[in-house]
S.K.: 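Got a structure for you, written out below as structure tokens; questions coming shortly.
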2 protein chains.
Amino acid sequence: MKHPLKQHIEEIIKLTDEEFEFILSHFETTTKRKYQYILQENEIADKEYWIVKGCLKSYFFDESGKEHILQFGMENWWITDYESFIKQSKSKINIDCIEDCELLYITYENREKLTKEMHKMERFWAKKSKFGRIALQNRILSLLKNSSKERYEFLLEQYPKLFQRVPKKLIASYLGVSRETLSRLNS
Amino acid sequence: MKHPLKQHIEEIIKLTDEEFEFILSHFETTTKRKYQYILQENEIADKEYWIVKGCLKSYFFDESGKEHILQFGMENWWITDYESFIKQSKSKINIDCIEDCELLYITYENREKLTKEMHKMERFWAKKSKFGRIALQNRILSLLKNSSKERYEFLLEQYPKLFQRVPKKLIASYLGVSRETLSRLNS
DNA sequence: AATAATTTGTGACAAATGTCACACGTTAAA
DNA sequence: TTTAACGTGTGACATTTGTCACAAATTATT
């Protein structure tokens, strides 16, 4: 059976088995329990994770101590604090596990190395960065244009699985509304 | 005197004069008057613009016909509909001039060509894409975390020039509040 | 200079959303 | 099994924000 990461990369760039083995040799495996973090505020994100199994959240706190969710992560998604990872600067966010997780990760150094060693991966990451940027642009469009009810319905439509896996108060936090408001959106 | 675009690119990657001339040969110059558009909804963004002089806005309309500003553009900034440009798909947004503008642009084809011909430019655009993504991530963080007053003050601090150049109702639209609300933020 | 269009501020009110409080059911831990 | 912690819904009320209306000031046009 094809390795799920190979399948994922091949959505963008075709690889020989040897090439994939070479790529994979730059990654490590780890498992984490529910509630364990993989990144905490003020640390430098020195790893980018690829989620084999499980569910995570990246989030931060405002001055009043309220939690805001920036991103969820599920199977076949990448997760890290992108800003901290790219700039190797202190992270403003936390990432931790909502479920027990099985993760692959690549360190910053290995990613730099792999980018230089293998032009295909430079192109892969460039494309991933472009699409990530487009996704963020669309999220901003949606935050400006759509009501919370529309954003809720859109998320439900796009990621129905998410609603069976994570508590609604986290969904509310992702959408930028209070949990009470989210709870009343159905009526 | 050094060409301002050379100066701009050299913030990321050093260039010889020959290299820069080669890059510049892939660009064209154009001027536009206030109110003229450079991209309209449903067109495909086939050019990326670099602003030599002037001020532009990229924006879209919601169902009720309200205008929302996605981005402003000023001297030394790039502007296009990034999603449409990258995917060569129909644009959801409009871009037009708030002032008379002097613009450089590169077509999609030329950018692809230049990326392949010159590895430095592949790296330049990859980096630009990364930093663009980081900026968008921070805008989302701010939309989730900060009140409209805080977002206003932050924008004022970051781009004081903007407030002398564009009407406040456009600022309001960028911030995601009504112009009346923005007007009352000072009190 | 006169006129029109645009920008901006403000009052009055409605609508949306947040906050606090509480109840109840589910899940996790002792 | 019992207890505690968590998740969820809902009422009451405060706060924020939007909408509509209008007037004054500024800018553009003839």
Side-chain angles (χ1 to χ4, degrees), chain A residues 32-37 54-57 59 61-69 72 96-101 142-156 160-187, chain B residues 32-36 54-57 59-69 72 96-101 142-156 160-187:
Chain A
K32 295 278 174 187
R33 291 280 178 81
K34 188 172 177 177
Y35 301 124
Q36 280 192 296
Y37 63 85
C55 190
L56 301 95
K57 59 174 174 168
Y59 61 100
F61 297 102
D62 62 24
E63 307 74 41
S64 70
K66 211 186 317 175
E67 174 182 330
H68 298 274
I69 294 197
F72 291 108
D96 50 46
C97 300
I98 304 178
E99 304 170 352
D100 293 353
C101 286
S142 177
L143 280 167
L144 292 176
K145 182 173 76 171
N146 299 117
S147 67
S148 31
K149 180 154 195 174
E150 289 168 326
R151 296 206 303 280
Y152 170 77
E153 283 162 356
F154 193 63
L155 188 69
L156 185 59
K161 283 172 218 158
L162 201 61
F163 290 73
Q164 292 139 27
R165 294 175 79 166
V166 313
K168 299 229 170 115
K169 65 168 187 175
L170 296 185
I171 305 274
S173 168
Y174 175 85
L175 293 171
V177 295
S178 70
R179 55 165 209 86
E180 292 92 337
T181 297
L182 182 71
S183 168
R184 282 185 257 257
L185 286 183
N186 300 308
S187 16
Chain B
K32 296 278 173 186
R33 293 278 180 80
K34 187 173 176 176
Y35 301 126
Q36 280 192 298
C55 190
L56 302 96
K57 59 174 174 168
Y59 62 99
F60 61 97
F61 297 103
D62 62 23
E63 306 76 38
S64 70
K66 211 186 317 172
E67 173 182 330
H68 298 274
I69 294 197
F72 290 108
D96 49 47
C97 300
I98 303 178
E99 303 170 353
D100 293 353
C101 286
S142 178
L143 280 167
L144 291 176
K145 181 174 76 172
N146 299 117
S147 68
S148 29
K149 179 153 196 174
E150 288 169 328
R151 295 205 303 280
Y152 170 77
E153 283 161 356
F154 193 64
L155 188 69
L156 184 59
K161 284 172 218 160
L162 200 61
F163 290 73
Q164 291 138 28
R165 294 175 79 166
V166 312
K168 298 231 172 113
K169 65 169 186 173
L170 296 185
I171 306 273
S173 168
Y174 175 86
L175 293 171
V177 295
S178 69
R179 57 163 206 86
E180 291 93 336
T181 297
L182 182 71
S183 167
R184 282 184 257 256
L185 286 184
N186 300 309
S187 18

S.K.: Nearest of dG18(C), dG11(C), dT17(C) to any side-chain atom of Arg184(B)?
M.R.: dG11(C)
S.K.: Side-chain N or O of Ser178(B) versus OP1/OP2 of dT19(D): is the shortest distance under 4.0 Å?
M.R.: no
S.K.: Which whole-number value in Å describes the distance from Asp62(B) CG to dG18(D) C1'?
M.R.: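 The distance from CG of Asp62(B) to C1' of dG18(D) comes to 13 Å, rounded to the nearest Å.
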S.K.: Could you tell me the separation between the CZ atom of Arg165(B) and the C1' atom of dT6(C), rounded to a whole number of Å?
M.R.: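 Arg165(B) atom CZ is separated from dT6(C) atom C1' by 19 Å.
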S.K.: Do the side chains of Val177(B) and Tyr152(B) get nearer than 4.5 Å, heavy atoms only?
M.R.: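 A side-chain contact under 4.5 Å is absent here.
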S.K.: For the side chain of Ser183(B), counting heavy atoms from C-beta on, which of dG7(D), dG9(C), dT19(D) is nearest?
M.R.: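 Of all the options, the side chain of Ser183(B) is nearest to dG9(C).
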S.K.: Take Tyr174(B) and Val166(B) through the side-chain contact (heavy atoms from CB on, under 4.5 Å) test and state the conclusion after the steps.
M.R.: CA-CA 11 Å; Tyr174(B) 175 86; Val166(B) 312; over 6 Å; no
S.K.: What nucleotide, of dA21(C), dG9(C), dT17(C), holds the atom closest to the side chain of Ser148(A)?
M.R.: dT17(C)
S.K.: Which nucleotide sits closest to the side chain of Arg179(B): dG18(D), dG9(C), dG18(C)?
M.R.: dG9(C)
S.K.: Rounded to whole Å, how long is the line connecting atom CD of Glu180(B) with atom C1' of dT17(D)?
M.R.: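 Taking CD of Glu180(B) and C1' of dT17(D), I get 10 Å after rounding.
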S.K.: dC6(D) P sits how many Å from Ile98(A) CD1, rounded?
M.R.: 15 Å
S.K.: Okay, side chain of Asp100(A), backbone of Lys34(A): is any donor-acceptor separation there less than 3.5 Å?
M.R.: yes
S.K.: Given dA21(C), dT8(C), dG18(C), identify the nucleotide with an atom nearest to the side chain of Thr181(A).
M.R.: dG18(C)
S.K.: Rounding to an integer number of Å, can you tell me how far Leu182(B) CG sits from dT19(D) P?
M.R.: 14 Å
S.K.: Starting from C1' on dT8(D), measure out to CG on Leu185(A) and report it in whole angstrom.
M.R.: 14 Å
S.K.: Can a side chain N or O of Lys149(B) be found less than 4.0 Å away from OP1 or OP2 on dT16(D)?
M.R.: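 Looking at the OP1 and OP2 atoms of dT16(D), neither is under 4.0 Å from any side-chain N or O of Lys149(B).
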S.K.: Look at the side chain of Glu150(A) and the backbone N and O of Ser147(A), then say whether any donor-acceptor pair between them is shorter than 3.5 Å.
M.R.: yes
S.K.: So, does Lys169(B) get its side chain near the phosphate of dT7(C), meaning an N or O under 4.0 Å from OP1 or OP2?
M.R.: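 It does, given that an N or O in the side chain of Lys169(B) lies less than 4.0 Å from OP1 or OP2 of dT7(C).
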S.K.: Measure from NZ on Lys168(B) to C1' on dT26(D) and round the result to the nearest Å.
M.R.: 13 Å
S.K.: Just how far, in rounded Å, is P of dT27(C) from CD of Glu99(A)?
M.R.: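 In whole Å, dT27(C) P and Glu99(A) CD are 15 Å from each other.
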S.K.: If you draw a 6.0 Å radius around OH in Tyr37(A), do more than 12 non-hydrogen atoms from other residues or ligands fall strictly inside?
M.R.: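 Result for OH/Tyr37(A): open.
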